[in-house]
Amino acid sequence: MAEFARLVTLARRLEASPLRLEKLALVAEFLRGLPPDDVPTAVAFLTGRAFPASDPRALGVRGLPAAEGVAGGPPLTFAAVAEAFAAVAEARGSGARRAREAELRRLVARASLDEYQILGRIVGGEMRTGVSDGLVLEAIAQAAGVPAAAARRAALLLGDLSAVAVLALRGGAEALAATAARPGVPLRPMLAEITGGVEEALAAHGGRTALEYKYDGARIQLHHDGDRVSLWTRRLSEVTRSLPDVVALARELSGVPFILDGEVVALDPAGRPLPFQELMRRFRRTHEVEALVGEIPLAVHFFDCLMAGGRSLIEEPYERRWEALAALTGGRHLAERLVVTDMDAARAFYARALAAGHEGVMAKDLRSPYEPGGRGKRWLKLKAAATVDCVIVAADRGSGRRRGWLSNYHLAVRDGEGFAEVGKTFKGLTDAQFAAMTSRLWALATADDGYTVRVRPEVVVEVAYNEIQKSPTYPSGVALRFARITRIRDDKGPGQATALTELAALYERQFATKGRAV
Ligand code: AMP
């Protein structure tokens, strides 16, 4: 059983070494030295998580109680901290809050000042050592002496660095290569890049592409292991309990065990799509679900099949996966789709998608494998309205009518492993949303100069704009003109925000496509 102090020492060294290579070596050395039983916990802590990513438990607390006095007793171990966290997460019922606090107080009483600080960071969800999940993954590969690509592949399939570390350190490259998709273990969804028009999509896909309606709902991954059905969001949270209607639908399909990928849309009684917020109500509800099932029925549109009859199809071309999907569903609940080779058919399909009220189309390369977590030209999205997904990185205090709220949001896009600001907006939210956003951002605050509050980049918002401009003020070099929030994307994480490279490409395209319909 290793002492928790090892993590403290590592964290201090990481803080002191600005070089990525140095950090990598430090983390690899730390992992190599751990007893195998401590690996999952230590990897979770190192990445600012109280539990491994595939563990659904959450602490449900905002921070640690104040430290009182100096630690006593035997030194803290990883196992002891994990045990305390488990007790906190599992506290239930009316006395749960008090039980959690008591448990944390007992933990804090055993910690040194340094340990207290590091525990606080784990509870707060951020280690602040400048170590990303990507770096930890590389360090795992280095510690286990396996190629980084093997570790990366396993991470995409398992969605959990702790599990990858255990496999790599125990079984090496062979164990990593043997990882396969498993029903019940969600995979990161494949993502799409923005494209300017169907010409580009056709060219990128070698003159033949599968166009599909782009439904304006939420991504859903459906697993059936032959017995148990489970449903996962884009961020890999489980929503099985909230969607019994989709579970029932899954039980009618053949070809178990299977894993399907699709989009759910909320409908009004007349069958028209409802706003995204209504759909999110369905996702969040975990008790008295049946009432809401009647009030907000769902439509599911499947578009991919990652496993059928227990066989993984991830490496098969999209064309094959679609055939499997069609067979398994009997052709029902599928995304509207057309394989096109010429521009006229493509334009007509795009026009049909918009006329039917959808936000655009997806264009998919029929030859492409499913790349969990991958974003590239194999899947392209083409939307009628110009929107991008930004992360809120700071907010200004409101004045006048907005006094008391954090109401002017600094918007950023992904830039490498960090974020680059591209605009600000106070437009688009209702009063209730401003109030809710204010408390949400305060909980993420990292600095406050009395006017602007910097926050941890976690909240993703969809932003509409009139134009992308070159900007002399933002280091990113570009800015969104007339930015306004069109919705809060609770289903997206910061890693799924638009990238600066995509924004730069959109900037270029403005000149190329201005005045053209598609
Ligand atoms: P965006 O959220 O703008 O990045 O667009 C990608 C998202 O569109 C996916 O993650 C899905 O949630 C959604 N989507 C809607 N229809 C489709 C479709 N036919 N194929 C793939 N994704 C779709």
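As the structure lists them, so they are numbered: ligands from 1, and atoms in each ligand from 1. Heads up: numbering here begins at 1 and tracks the sequence.
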Show me, pair by pair, the donor-acceptor contacts under 3.5 angstrom made by side chains of residues 184-194, not counting sequence neighbours?
unit_1	atom_1	unit_2	atom_2	d
Glu193	OE1	Lys377	NZ	2.7

Sequence neighbours excluded and cut-off under 3.5 Å, please list the side-chain donor-acceptor pairs for residues 327-338, or say none.
unit_1	atom_1	unit_2	atom_2	d
Thr329	OG1	Leu325	O	2.8
Thr329	OG1	Ala326	O	3.4
Thr329	OG1	Gly331	N	3.2
Glu336	OE2	Arg352	NH1	3.4

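Relative to the ring axis of Phe276, Arg489 places its NZ or CZ within 45° and under 6.0 Å from the centre.
Around ligand 1 you find Glu212, Tyr213, Lys214, Tyr215, Arg219, Arg234, Glu263, Phe303, Met362, Lys364, Trp379, Lys381, Lys383, Lys492, each with a heavy-atom distance below 4.0 Å.
Every residue two or more places apart in sequence or in another chain was checked for a side chain to side chain donor-acceptor pair (under 3.5 Å) with Ser407, and none qualifies.
Taking the six-membered ring for Trp, Tyr213 and Phe349 have ring centres closer than 6.0 Å.
Using a 30° and 60° split on the angle between ring planes, His301 and Tyr215 fall in the parallel class, below 30°.
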